[in-house]
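Everything below concerns the one structure shown next.
No hydrogens, no waters, no symmetry mates; every other heavy atom, side chains included, goes into these values.
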Amino acid sequence: MVRGKTQMKRIENATSRQVTFSKRRNGLLKKAFELSVLCDAEVSLIIFSPKGKLYEFASSNMQDTVDRYLRHTKDRVSSKPVSEENMQHFKHEAANMMKKIEQLEASKRKLLGEGIGSCSIEELQQIEQQLEKSVKCVRARKTQVFKEQIVQLKQKEKALAAENEKLAEKWGSHEIEVWSNKNQESGRGDEDSSPSFEVETQLFIGLPCSSRK
């Protein structure tokens with residue numbers, strides 16, 4: 001009796017489906033075992049029945065094999081070449097970026113007064129407004145910088161004035177002390193150098209010599 005070819009579709013009869021599942025599950029587990037033994041391959045097999053029951057086979061530790069698989073798939077995804085779709089997207093983005101750069105360069109030249117021969121009245125008015133706005137911003141920033149510099153100079157001026165006052169007080173008291181010492185020394189010198197007048201007098205008390213004879 002020739003066995004007919006099995007059609008690859010879901011078996012509608014529940015009993016037949018369960019019998020087929022059991023037979024083919026056992027066959028698959030046997031083949032996995034034979035592959036690991038004959039070819040020295042690391043094989044792990046996980047099967048869930050229609051009711052959710054787990055059947056598994058592992059030639060080594062199941063968790064180690066799963067971790068190895070995850071590492072391999074991660075490396076493969078990270079090293080996956082750029083697809084054609086992504087390449088087209090990148091090209092489109094690069095083209096848009098180049099276009100924006102060209103527009104900015106053209107606007108810059110126009111603001112500098114270059115290449116405005118073909119500009120319309122509206123474009124020239126727009127450039128003029130942009131320049132006026134830029135000048136206002138520059139002037140405002142210039143005024144702010146001037147004010148900041150004035151404040152800094154005033155602070156430096158106050159610091160220098162305070163320092164000058166300290167120096168003046170220090171040297172003023174020193175000069176007064178020196179002048180006082182000089183006056184004291186000159187006073188003592190005058191006293192030592194002043195002449196002393198001593199008058200010698202001969203006073204004789206008694207009778208003249210003639211009267212004694």
Look at atom [atom1] of [X] and say whether more than 12 heavy atoms of other residues, nucleotides or ligands are closer to it than 6.0 Å.
X    : atom1 : value
E93  : CD    : yes
I121 : CD1   : no
N96  : CG    : yes

Could you check whether any side-chain N or O of [X] sits under 3.5 Å from a backbone N or O of [Y], counting only pairs where one atom can act as donor and the other as acceptor?
X    : Y    : result
T65  : N61  : yes
R17  : I11  : yes
Q125 : E122 : no

Flag yes if [X] and [Y] sit in one hydrophobic cluster, no otherwise; membership is Ile, Leu, Val, Met, Phe, Trp, Tyr, and two members link when side-chain heavy atoms are under 4.5 Å apart.
X    : Y    : result
I127 : V135 : no
L70  : L45  : no
V43  : I46  : no

Side chain to side chain contact (heavy atoms under 4.5 Å, CB included) evaluation trace for I47 with L28
CA-CA 10 Å; I47 302 174; L28 184 58; 3.9 Å; yes
Minimal heavy-atom distance between F57 and S36, with the atoms involved, is CZ-OG, 3.9 Å
S59 and E42 have their tightest heavy-atom pair at OG-CA, 3.4 Å
How many angstroms lie between [atom1] in [X] and [atom2] in [Y], if you round to the nearest 0.5 Å?
X    : Y    : atom1 : atom2 : value
Q149 : L153 : CD    : CG    : 7.0 Å
E128 : E132 : CD    : CD    : 5.0 Å
Y55  : N26  : OH    : CG    : 8.5 Å
E157 : Q152 : CD    : CD    : 14.0 Å
S120 : Q126 : OG    : CD    : 9.0 Å
E123 : S107 : CD    : OG    : 9.5 Å

Quick one, L124 and I116 - any side-chain contact, counting heavy atoms below 4.5 Å?
yes
Would you say that Q18 contacts F21 through its side chain, given a criterion of any heavy-atom pair below 4.5 Å between the two side chains?
yes
Ignoring hydrogens and geometry beyond distance, is a side-chain donor-acceptor pair present between S44 and E56 at under 3.5 Å?
no
May I ask you to decide whether K108 forms a salt bridge with E114, counting only side-chain N to carboxylate O separations under 4.0 Å?
no
